Amino acid sequence: MATPLDPHAAIAIEAGGVDGPLTTADGQPLNRALSRASRKARWRAFMLVAPLLLFIVVTFAFPIGQMLYRSIHNDGFAANMPQLSEWFAETEPGTTPDEAAFAALARDLQASAEARSIGIVGTRINYEMPGTRSLFTSTGRKVRGGIEPPYREALLEIDEDWGDPSLWASMRNSSTAYTDSFYLASLDRTRNVEGDVVQVNENRRVYIMLFLRTLWLSALVTLMTFLLGFPIAHLLATLPLRRSNLLMILVLLPFWTSLLVRTTSWMVLLQQQGVVNDLLIWLGVIDNGGRLKMMYNQIGTIIAMTHILLPFMILPLYSVMRTINPSYVRAAKSLGATSWTAFRRIYFPQTLPGLGAGALLVFILAVGYYITPALVGGASGQLISNMIAEHMTGTLNWSMAAALAAILLGGVLILYWVYDRLVGIDNLKLG
Amino acid sequence: MTNTAHDDGFVVFDHVQKSYDGQTLVVKDLNLSIGRGEFLTMLGPSGSGKTTCLMMLAGFETATHGQILLDGTNINDVPPHKRGIGMVFQNYALFPHMTVGENLAFPLEVRGLSKAERDDRIRRALDMVQMGAFASRRPAQLSGGQQQRIALARALVFDPKLVLMDEPLGALDKQLREHMQFEIKALHERLGVTVVYVTHDQGEALTMSDRVAVFNDGRIQQLAAPETLYEAPENSFVAGFIGENNSLNGTIADLSGDRATVRLANGETIEATAVNVHEVGQPTTVSIRPERIEFKDAMMPDGAHTLEARVMDVVYMGDILRTRLMIGGEYDFVMKCRNTLGQTRLTPGDTIRVGWHPQDARALDPV
């Protein structure tokens with residue numbers, strides 16, 4: 001009876017086959033036959049996605065990994081100042097620098113100045129303590145020809161700032177290649193002379209405020225897109241097809257326009273000499289002296305971002321609403337519910353998957369928004385992403401930019417996790 | 001099946017018309033009175049206006065003209081949630097984000113019933129449809145038949161006086177559908193609730209209803225008890241729509257009282273019962289049920305008029321033999337014989353004489 005056949009063509013199931021593992025007609029274990037049969041299909045499927053996988057690894061995973069690595073690794077000081085770094089490693093934080101420390105500093109400065117890497121060292125300390133780069137470069141020039149002991153007096157002779165305990169604290173913070181100092185700085189913290197984590201001076205506390213402002217504005221923009229988008233999505237889902245298509249084009253039209261064009265057109269509308277103010281004056285709502293400031297502040301950022309992110313809320317909502325059978329609301333009414341109760345208890349809960357997807361999409365996009373706040377935000381409308389860009393292109397402190405970005409990423413992931421716990425990610429419908 | 005609920009006008013459609021586009025009428029001058037405790041079915045092909053009538057009764061559509069009375073009061077301007085009418089939808093419309101228990105609690109909550117009373121009513125309603133163990137399930141976890149029962153329980157849990165059902169069994173397979181027909185009928189008889197049932201399935205209509213309103217083209221073609229509908233259709237549409245039907249086209253040759261003589265296309269004349277024919281010479285369609293045709297001399301009813309027929313083919317259907325005949329120039333003339341032990345087996349090509357009682361041949365309006 002057991003003719004050897006193609007392994008997955010015939011499977012012999014014995015009468016009481018619960019006890020032993022199932023075998024194919026020619027006696028092989030069934031799961032081995034199955035995995036062999038499907039191996040080729042799996043391999044082919046993998047080869048189909050391999051180019052994309054490679055692309056993502058090369059252009060996405062690898063650079064992001066590199067960036068995140070930068071946020072904890074910066075050997076600008078440690079690599080160029082080996083002897084002093086060793087002294088820091090051997091002593092406790094808060095130790096007053098002795099002659100040996102100054103000797104190590106002097107020799108390292110001389111070596112670094114001769115190797116022309118003193119600028120890198122100065123830049124690294126400058127991240128910790130702004131305004132110190134020139135101290136390193138100017139001292140470097142003077143010690144290049146050689147420096148005589150006693151080193152302490154000699155260095156203080158060159159510049160008495162070398163005796164500043166906070167400078168030594170900054171050098172200690174930078175003395176290891178792997179460091180948490182960028183993360184501390186991102187949270188407006190630093191290490192003092194004793195090595196304890198403390199808040200930075202009040203006038204330098206900016207990042208936590210920016211993080212909070214970013215989260216708050218993103219939440220506000222999400223709420224605004226919800227309030228504006230929900231009725232439109234409902235209209236889209238319930239209108240007859242011909243008219244809903246027209247409305248859909250109106251929703252998508254801004255989508256097809258460049259982000260920059262949309263943002264600058266808001267500038268035309270909202271500025272103090274702009275269309276909206278002129279219109280309000282013409283209508284007599286305000287007088288010429290009381291022109292509203294709707295630009296270069298948070299209001300401008302909120303208005304422009306809400307407009308730009310609106311389609312990301314409308315589209316998932318629409319796709320979910322379209323699948324909600326109108327008979328649910330009818331059933332609720334026939335069971336005695338008023339229109340409001342039917343909406344609140346029957347219709348709205350069923351739109352939650354779309355609302356969740358839209359809210360998550362808008363919020364995550366808003367958290368990382370850069371161009372719009374940069375153009376219309378002014379000082380009070382700047383977000384954390386603008387600061388990341390500033391560190392990337394302005395101060396060239398990439399480690400700091402990486403640390404800020406990593407914290408932002410971590411925050412979004414935590415929110416995502418909370419969302420998953422509260423709503424469930426399976427309940428998400430993007431389209 | 002006909003527990004003759006006397007028609008006390010519990011639900012009344014009074015000259016109701018409905019138009020969606022202002023050009024055509026979907027419902028044309030509907031007059032219908034439904035008695036308390038009656039099981040009335042609106043039967044008709046799709047687009048005949050039956051569902052529109054149901055929706056007007058439920059309050060989801062407004063009548064363009066005329067009024068609808070419920071228990072003596074005009075409900076034209078009463079919003080659906082104040083009508084207190086239970087409704088079972090075609091797709092059940094169980095709320096997917098709620099459990100079965102929550103679905104049943106919904107109508108009770110919006111009516112402000114206490115928790116204890118809600119629980120008591122939910123338990124009774126679930127027991128009524130033998131679904132007591134399913135209160136904590138979600139609708140998606142139930143089979144079609146189970147969802148149907150829950151939809152039924154939800155429509156009944158708040159004790160409505162009137163329950164509307166919009167093709168509730170349409171999505172079930174044949175066996176389950178027949179089973180549910182009997183359950184719904186049994187529930188109706190036990191609770192004494194008035195039911196208005198919409199379907200396009202004539203079998204469903206005949207087995208369940210006290211009366212059936214056959215809809216076509218926005219009008220009620222005939223409103224009668226199932227057996228009247230089947231045995232005494234008043235026009236060709238009803239005769240053709242309910243059950244299998246043979247039609248012979250001809251003209252009225254003679255008319256006296258309710259007896260008509262009809263001349264067929266090939267010149268032969270047959271006797272028939274005049275139903276809605278009025279004058280000699282008018283065209284008519286004679287309707288005869290396939291199971292009322294006889295071909296054995298011994299079984300021929302008294303006064304039967306016989307015609308020559310040729311057997312075209314015989315289809316064996318188990319309980320019956322369905323024989324297609326050529327008669328009076330018409331090819332699709334069907335005769336059904338019970339498959340009994342001594343039944344004569346006909347073969348294609350045989351020439352036989354068939355006949356029927358003139359009472360079974362009904363001269364109706366021409367198709």
Side-chain angles (χ1 to χ4, degrees), chain A residues 226 230 233-234 237-244 316-360 419-431, chain B residues 20-21 51 54-55 57-61 78-99 102-113 125 138-140 147 150-160 162-168 170-171 196:
Chain A
F226 162 64
F230 197 91
H234 181 71
T238 48
L239 273 182
L241 196 64
R242 202 163 47 86
R243 276 195 285 168
S244 77
L317 269 178
Y318 162 69
S319 79
V320 166
M321 284 175 174
R322 216 180 29 175
T323 63
I324 299 174
N325 195 318
S327 71
Y328 289 126
V329 170
R330 286 185 166 182
K333 285 186 186 169
S334 82
L335 293 170
T338 59
S339 296
W340 167 241
T341 308
F343 171 80
R344 189 173 53 85
R345 298 215 28 212
I346 306 303
Y347 190 78
F348 183 70
Q350 293 190 64
T351 64
L352 279 181
L355 178 59
L360 206 62
Y419 179 90
D420 186 31
R421 294 298 299 271
L422 291 181
V423 185
I425 230 68
D426 303 337
N427 278 333
L428 216 67
K429 255 194 201 151
L430 284 170
Chain B
Y20 286 107
D21 54 3
T51 301
L54 197 76
M55 289 301 165
L57 186 50
F60 300 127
E61 300 288 354
V78 179
H81 68 271
K82 289 193 178 145
R83 295 193 181 191
I85 298 175
M87 185 150 181
V88 182
F89 290 82
Q90 191 169 10
N91 61 355
Y92 317 137
L94 296 176
F95 306 135
H97 57 292
M98 296 181 178
T99 64
E102 288 164 348
N103 262 283
L104 263 70
F106 185 79
L108 307 175
E109 278 171 23
V110 298
R111 284 176 171 73
L113 266 66
R138 297 242 170 200
Q147 291 186 30
I150 299 303
L152 211 55
R154 190 180 65 176
L156 292 167
V157 72
F158 59 99
D159 288 339
L162 174 63
V163 176
L164 312 181
M165 302 192 187
D166 183 13
E167 309 216 12
V196 178

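Treat the numbers as computed from the prediction; the structure is a model and nothing was measured. Here is how names work: the chains are called A, B, and so on, in the same order as the sequence lines, proteins then strands, and each is numbered from 1.
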If you measure from CG on B:Leu104 to CG on A:Leu335, what distance do you get to the nearest 0.5 Å?
9.0 Å
Do B:Glu109 and A:Arg345 touch side chain to side chain, with heavy atoms closer than 4.5 Å?
yes
Tell me, do A:Gln350 and B:Pro96 make a side-chain contact under 4.5 Å, heavy atoms counted?
yes
Please flag which part of B:Arg83 lies under 4.5 Å from any non-hydrogen atom of chain A: side chain, backbone, both or neither.
neither
Heavy-atom count check: over 12 atoms from other residues, nucleotides or ligands less than 6.0 Å from B:Arg111 CZ?
yes
Specify the closest pair of heavy atoms between A:Ile346 and B:His97, including all atoms of both residues, with the distance to one decimal.
O-CE1, 3.5 Å
Please name the pair of heavy atoms, one in B:Arg154 and one in A:Ala331, separated by the smallest distance, quoted to 0.1 Å.
NH2-CB, 3.6 Å
Please report the interatomic distance CZ(B:Phe106) to OG1(A:Thr341), rounded to the nearest 0.5 Å.
6.5 Å
B:Leu164 versus chain A, heavy atoms under 4.5 Å apart: side chain, backbone, both or neither?
neither
Is a side-chain N or O of B:His81 found less than 3.5 angstrom from the main chain of A:Ala332, in a donor-acceptor match?
no
Strictly by salt bridge (charged side-chain N to carboxylate O under 4.0 Å, His left out), give each pair with a member in residues 331-340 of chain A just once, sequence neighbours left out.
none
Quick check: do B:Phe95 and A:Pro349 have side-chain heavy atoms less than 4.5 Å from each other?
no
Heavy-atom distances under 4.5 Å only: say whether B:Asn91 touches chain A with side chain, backbone, both or neither.
side chain
